[in-house]
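Here is how names work: the chains are called A, B, and so on, in the same order as the sequence lines, proteins then strands, and each is numbered from 1. Remember, it's a predicted structure, so these values are computed and weren't measured experimentally.
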Amino acid sequence: MDIYSKEDQPLYEQIYHCVKQIPQGKVATYGQIAKMVGRCSAQMVGFSLAALKIKSNVPWHRVINHKGKISPHGDGLGTSLQKELLLSEGIEFDDTNAIDLARFQWKSKKDV
DNA sequence: CGGCTGACTCTGG
DNA sequence: TCCAGAGCCAGCC
């Protein structure tokens, strides 16, 4: 997947491609995605995902903030759905509804 | 063309 | 260790 060569595409597209690479049962932080794309604009990552639709083909639910928690960006529709999807993938939440990044954070080959 | 905004991240107290 | 404030990049008005 030569997503790193698709610099011609808008950042949105690059971010979507990176998110799609996240395997089931793993999660990634906004910063990780941002670094993968090549920019350090974590806000851009979140903003891009926010523009996505719940029915989109992008596993946005696998993307979380650096605290390992889901960002309370609005009503519980997307947030609750995100948790449901993560639980369905085998990802566990701790007492504070946070994900154990030490075990579930996805490591991209560009991140190593 | 210039300025504002954002599902974040980092540094300081 | 936890809380708060400033910074950041790209898209959109």
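Screening residues 47-61 of chain A for side-chain hydrogen bond (donor to acceptor under 3.5 Å, both in side chains), with sequence neighbours left out, gives A:His61-A:Glu89.
Applying a 4.0 Å cut-off to non-hydrogen atoms, the residues of residues 22-30 of chain A that approach DNA chain B are A:Thr29, A:Tyr30, listed by residue number. Residues from residues 89-97 of chain A that place a heavy atom under 4.0 Å from any atom of DNA chain C: there are none. Residues from residues 51-65 of chain A with heavy atoms under 4.0 angstrom of DNA chain B, sorted by number: A:Trp60, A:Asn65.
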Next on the checklist: Protein within reach of the bases, or only the backbone? For nucleotides 7-13 of chain C, mark each nucleotide 5' to 3' as B, S or -, using heavy atoms under 4.0 Å.
Outcome noted: BBSSS--

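Under the side chain to side chain donor-acceptor pair (under 3.5 Å) criterion, A:Glu13 pairs with no residue, sequence neighbours left out. Residues passing the salt bridge (charged side-chain N to carboxylate O under 4.0 Å, His left out) test with A:Glu84, sequence neighbours excluded: none. The side chain to side chain contact (heavy atoms under 4.5 Å, CB included) check on A:Ala50 picks up nothing, with sequence neighbours excluded.
Summarising the geometry, the separation between CD1 on A:Ile33 and P on B:dA7 is reported as 17 Å, rounded to the nearest angstrom.
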Checklist entry - For DNA chain C, what string of dots and brackets results from 5' to 3' when Watson-Crick and G-U pairs need both distances under 3.5 Å, crossing pairs get [ ], and pairs with another strand get |? => result .||||||.|||||

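Applying the 6.0 Å contact sphere to NZ of A:Lys67 captures no more than 12 heavy atoms from other residues, nucleotides or ligands.
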Could you list the donor-acceptor pairs under 3.5 angstrom formed by side chains in residues 95-102 of chain A, with sequence neighbours left out?
| from | atom 1 | to | atom 2 | distance (Å) |
| --- | --- | --- | --- | --- |
| A:Thr96 | OG1 | A:Asp94 | OD1 | 2.8 |
| A:Asn97 | OD1 | A:Lys83 | NZ | 2.7 |
| A:Asp100 | OD1 | A:Ala102 | N | 3.1 |

Check nucleotides 11-13 of chain B against the protein and report each pair of N or O atoms closer than 3.5 Å, with its distance, or say if there are none.
none

